[in-house]
2 protein chains.
Amino acid sequence: MAKKNTLKYVILGLLRQHDLTGYDIKKLFSCEIGDFWNSKHSQIYPELKKLEEEHLITSRMEISGKKLEKTYYMIKSAGIDALDKWLSDPLDEIQPTRDDFTLKLYFIDHRHDQRIKNLFSEEILRHQKKFDYLSARMGELFSSRENQEQNFGHYLILKKAILRENTQLKWLKDEYRSLKNN
Amino acid sequence: MAKKNTLKYVILGLLRQHDLTGYDIKKLFSCEIGDFWNSKHSQIYPELKKLEEEHLITSRMEISGKKLEKTYYMIKSAGIDALDKWLSDPLDEIQPTRDDFTLKLYFIDHRHDQRIKNLFSEEILRHQKKFDYLSARMGELFSSRENQEQNFGHYLILKKAILRENTQLKWLKDEYRSLKNN
DNA sequence: ACGAGCATGTAAGAGGTTACATGATTAT
DNA sequence: ATAATCATGTAACCTCTTACATGCTCGT
């Protein structure tokens, strides 16, 4: 997973839409963007400084209240170029999921091992929660046809994520049911 | 992704099935296990030594041919205990996919951007290849009911992976078609 | 006044990739 | 013979998480 600096392009992509502070970027990762990317603030702030040194973005200071300094970052044309270049690069190899449900399940050999049922019930809860969240966001963001056209990529990936969760939940529930009928 | 040392448990899980060399483990990551885990040999060999120092595994030497030394690792009972404990631990939070197709798509706003079509056609090829591979493995490994029962977890995760690829491919092809009808 | 959240940063160390390195075996 | 693959290892470097650290603002 190391060595690609994808965070760089995630930041550039977000900054192309709006000027943002590091804190704003962090918050975006806890909403539906969190479905496909996440980074801690301790990684975001240094990366922003690095991008500024590379002249891909600039910053401006704003004072909020009496003295709280907020640093807004803005993309520069070199940043847009770098982003566009990345978007046109061929895709990498598909990465392994590294999902711990799958991993653990793989190492349980016997159908009647109780731990399989435990894994499934935990996994169903996790994915139900995610499915509900994503569905709600779809309603909030893209109930109008206009919004779908305006942020078409975002609309597509949200649709894809919901389909994924839906399919997986259905499968999990089916298998869980047949596990109970031993 | 840092900080969980999942590789440790992957290795323990594999060694519980058979004694293996580091090279064997690496090879397993390029077959269907690669769908959910991968590590380079430069990470595997040191990890094996670390696990041996922790007394979770031991090793034995074998000579292949005239002088090629192969180090087979074997799991110890402390290793089995560690593995079992991990299997019973609650699952982590769902991790973001960090998949670059999704990421790139998110940053393309306009329906008519040519790059969307490029992304989809690349992605379709990637997943078609994966789907074909996984389906073939399913046929090889689990055509008999007996094998399904013997490695039940493996059977389930392979089934899950195939369902995932199938659903995704269908979605990709549908969207691709409607993109072409602008 | 106080607590929740806003806002930004650094340091240490674990996890992971790339590149460098070497030598043996097997199939053609 | 020679190329592909078997087999093992280290060093440098990047990515990412965890933990430590600090101060401000807004709502109640």
Q: Give, for atom OH of Tyr176(B) and atom CG of Asn181(B), the distance between the pair rounded to the nearest 0.5 Å.
A: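 Those atoms lie 11.5 Å apart.
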
Q | Separation between CG of Asn147(B) and CD of Glu140(B), rounded to the nearest 0.5 Å | A |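 Separation between the atoms: 12.0 Å.
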
Q | Whether His41(B) and Tyr45(B) hold their rings parallel, tilted or perpendicular, with breakpoints at 30° and 60° | A |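 Plane angle over 60°, so perpendicular.
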
Q.
Angle between ring planes, Phe101(B) versus Phe120(B), binned at 30° and 60°: parallel, tilted or perpendicular?
A.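 The arrangement is perpendicular - the two ring planes meet at more than 60°.
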
Q) Would you find more than 12 non-hydrogen atoms of other residues, nucleotides or ligands less than 6.0 Å from Glu69(B) atom CD? A)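 No, because the 6.0 Å sphere around CD of Glu69(B) holds 12 heavy atoms or fewer from other groups.
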
Whole angstrom value for the distance that separates [atom2] of [N] from [atom1] of [X]:
X: Asp92(A); N: dT15(D); atom1: CG; atom2: P; result: 13 Å
X: Ile44(B); N: dT10(D); atom1: CD1; atom2: P; result: 14 Å
X: Leu28(A); N: dC6(C); atom1: CG; atom2: P; result: 12 Å
X: Tyr45(A); N: dC6(C); atom1: OH; atom2: P; result: 11 Å
X: Leu48(A); N: dT8(C); atom1: CG; atom2: P; result: 9 Å
X: Lys26(A); N: dG9(C); atom1: NZ; atom2: P; result: 16 Å
X: Lys50(B); N: dG9(D); atom1: NZ; atom2: P; result: 16 Å
X: Glu69(A); N: dC24(D); atom1: CD; atom2: C1'; result: 11 Å

Q) Distance only, no hydrogens: is a donor on one side chain within 3.5 Å (strictly under) of an acceptor on the other, for Asp132(A) and Ser135(A)? A)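 The criterion, which ignores hydrogens and geometry beyond distance, is not satisfied for Ser135(A) and Asp132(A).
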
Q | Side-chain donor-acceptor contact under 3.5 Å, Gln128(A) with Lys173(A) | A |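 Their side chains do contain a donor-acceptor pair, which is all the 3.5 Å distance test asks for.
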
N or O in side chain of [X] less than 4.0 angstrom from [N] OP1/OP2:
X: Tyr23(A); N: dT8(C); answer: no
X: Lys40(A); N: dT18(D); answer: yes
X: Arg98(A); N: dG16(C); answer: yes

Q | Which atom of Arg115(A) lies closest to which atom of Leu87(B), heavy atoms considered | A |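 Distance-wise, the nearest heavy atoms are NH1-CD1, 3.8 Å.
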
Q | Pair of N/O donor and acceptor under 3.5 Å linking dT15(D) base with Ser39(A) side chain | A |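 Flag unset: no donor-acceptor pair detected.
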
Taking only nitrogen or oxygen atoms into account, show me every contact under 3.5 Å that the protein makes with nucleotides 21-25 of chain C, one pair per line with its distance.
unit_1: dA24(C); atom_1: OP1; unit_2: Lys67(B); atom_2: NZ; d: 3.1
unit_1: dT25(C); atom_1: OP1; unit_2: Ser64(B); atom_2: O; d: 3.1
unit_1: dT25(C); atom_1: OP1; unit_2: Lys66(B); atom_2: N; d: 2.5
unit_1: dT25(C); atom_1: OP1; unit_2: Lys67(B); atom_2: N; d: 2.8
unit_1: dT25(C); atom_1: OP1; unit_2: Leu68(B); atom_2: N; d: 3.4

(Q) Main chain of Arg98(A), side chain of Thr102(A): is a donor-acceptor contact present, judged purely on distance under 3.5 Å? (A)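 No: the side chain of Thr102(A) does not pair with the backbone of Arg98(A).
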
Q.
On DNA chain D, compare the nucleotides closest to Gln43(A) and Tyr73(B); which residue's is nearer the 5' end?
A.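 The residue closer to the strand's 5' end, by nearest nucleotide, is Tyr73(B).
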
**Q.** Asp24(B) vs Thr6(A), nearer the 5' end of DNA chain D by closest nucleotide
**A.**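 Nearest nucleotide further toward 5': that of Asp24(B).
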
Q: Determine, step by step, whether Ile108(A) and Leu119(A) satisfy the side chain to side chain contact (heavy atoms under 4.5 Å, CB included) criterion, reporting the C-alpha distance in whole Å, the side-chain angles of both residues, the deciding distance to 0.1 Å, and the verdict.
A: CA-CA 10 Å; Ile108(A) 301 180; Leu119(A) 278 176; 3.8 Å; yes

Q) Looking across every strand, which nucleic acid part, if any, lies under 4.0 Å from Lys49(B) by heavy atom: base, sugar-phosphate, or nothing? A)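 It contacts sugar-phosphate atoms only.
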
Q.
Under 4.0 Å, heavy atoms only, any strand: does Ser42(B) hit a base, just the sugar-phosphate, or nothing?
A.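 Base contact.
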
Q. If a stem is a run of at least 3 consecutive Watson-Crick or G-U pairs, both distances under 3.5 Å, which stems include DNA chain D?
A.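 Correct response: C:1-28 with D:1-28.
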
